[in-house]
Amino acid sequence: TNEALAKFVSVQGKQVSKIICHLWQNNNNPSESIEIIDNVQLQFFDNQKITISCNENGDGLDVIEYNFEEAKKNLQDVFNGKIKLFAVDASNTKMWQDVITKNLDLVKVTKQETYYKADSIVLQFENEMREISISPLDGLIIDFYEE
């Protein structure tokens, strides 16, 4: 959306302070617990943050307003505890530790003719890059990116 593009532009150049991943854990079958990344939140030293998630249709990425406690309660009410929501500070993981305190220099999206595609984004943090994409069955996929 134009709103998401504007939010990406608004955080370019800001210094990253923390990365929070919100995970869904499906315990419907206790012997086969499944976890997916529902969204990833980038927090900056100026207290601004953006949360990247699937859009409402599930076919693209979007920047959303996110309330963890409200989302957790809604999942509890709807799924009777079979799906749980966790907030994980991923700042010290191998995926994110090298970008903490670096500036988010650029958010790259793919463009097809006059439309921006929402299938994936590349986050460029000085000399480090990460790609976030969506998988219909696996939630968000986060990976290292090299051009």
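Because the structure is a prediction, the values reported are computed rather than measured.
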Can any side-chain N or O of R130 pair as donor or acceptor with the backbone N or O of Y145 at less than 3.5 Å?
no

Using modelled atom types and a 3.5 Å cut-off, is there a donor and acceptor pairing between side-chain atoms of D105 and backbone atoms of E126?
yes

Which atoms form the tightest heavy-atom contact between D38 and S53, and what is the distance?
O-OG, 3.1 Å

Assigning hydrophobic clusters by single linkage (Ile, Leu, Val, Met, Phe, Trp, Tyr; side-chain heavy-atom cutoff under 4.5 Å), is L5 placed with I121?
yes

First locate atom NZ of K72, then atom CD1 of I83, and finally report the distance between them rounded to the nearest 0.5 Å.
14.5 Å

Nearest heavy atoms of A87 and I20, plus distance in Å:
CB-CG2, 4.2 Å

Note, T101 side chain near V16 side chain (heavy atom, < 4.5 Å):
no

Between L42 and I52, is a side chain to side chain contact (heavy atoms under 4.5 Å, CB included) present by the stated rule, with each step listed?
CA-CA 8 Å; L42 283 71; I52 302 166; 4.1 Å; yes

Hey, any chance M129 and M95 share a hydrophobic cluster, counting ILVMFWY side chains that come within less than 4.5 Å of each other, even indirectly?
no

So, does D46 use its side chain to make a donor-acceptor pair with the main chain of Q48 at under 3.5 Å?
yes

Count I, L, V, M, F, W, Y as connected when their side-chain heavy atoms are under 4.5 Å apart, and connections chain through other members. Are I36 and F79 then in the same cluster?
yes

Is S120 reaching over with its side chain to a backbone N or O of I134, donor-acceptor style, under 3.5 angstrom?
no

Kindly indicate, with the supporting measurements, whether the criterion side chain to side chain contact (heavy atoms under 4.5 Å, CB included) is fulfilled by L104 and F44.
CA-CA 9 Å; L104 174 59; F44 302 92; 4.0 Å; yes

With Q25 as partner, the option from K82, E35, K84 fulfilling side-chain hydrogen bond (donor to acceptor under 3.5 Å, both in side chains) is E35

Residue pair F144 / K94: nearest heavy atoms and the distance that separates them
CZ-O, 3.6 Å

Quick one: CD1 on I50 to CD on E65, what's the gap to the nearest 0.5 Å?
11.0 Å

Between Y66 and H22, how do the two ring planes meet: parallel, tilted or perpendicular, split at 30° and 60°?
tilted

About how many Å separate OG1 of T51 and CG of N39, when rounded to the nearest 0.5 Å?
5.5 Å

Give a yes or no answer on whether the side chain of S91 reaches the backbone of I19 with a donor-acceptor pair at less than 3.5 Å.
yes

Report the C-alpha distance between L61 and D119 in whole Å, list the side-chain angles of each, state the deciding distance to 0.1 Å, and finish with yes or no for side chain to side chain contact (heavy atoms under 4.5 Å, CB included).
CA-CA 6 Å; L61 294 172; D119 56 340; over 6 Å; no

Path from V88 to I100 over hydrophobic side-chain contacts below 4.5 Å:
yes

Indicate the atoms forming the closest heavy-atom contact of V40 with L140, along with that distance.
N-CD1, 3.9 Å

The test is side chain to side chain donor-acceptor pair (under 3.5 Å); show your working for K102 and N127 and say whether it passes.
CA-CA 9 Å; K102 291 190 176 182; N127 59 341; 2.7 Å; yes

Rounded to the nearest 0.5 Å, how far apart are CZ of F68 and CG of L85?
4.5 Å

Hey, any chance W24 and F86 share a hydrophobic cluster, counting ILVMFWY side chains that come within less than 4.5 Å of each other, even indirectly?
no

To the nearest 0.5 Å, tell me how far D143 CG sits from S133 OG.
8.0 Å

Tell me whether S17 contacts the main-chain N or O of Q43 through its side chain, where contact means a donor paired with an acceptor under 3.5 Å.
yes

Rounded to the nearest 0.5 Å, what's the gap from CZ on F125 to CG on D98? Could you check?
11.0 Å

More than 12 non-hydrogen atoms from neighbouring residues, nucleotides or ligands closer than 6.0 Å to NZ on K7, yes or no?
yes

Could you walk me through whether I142 and W96 satisfy the side chain to side chain contact (heavy atoms under 4.5 Å, CB included) test, starting with their C-alpha distance in whole Å, then the side-chain angles of each, then the deciding distance to 0.1 Å, before giving a yes or no?
CA-CA 10 Å; I142 303 170; W96 296 108; 3.5 Å; yes

Please report the shortest heavy-atom distance between Q12 and V107, naming the atom on each side.
OE1-N, 2.9 Å

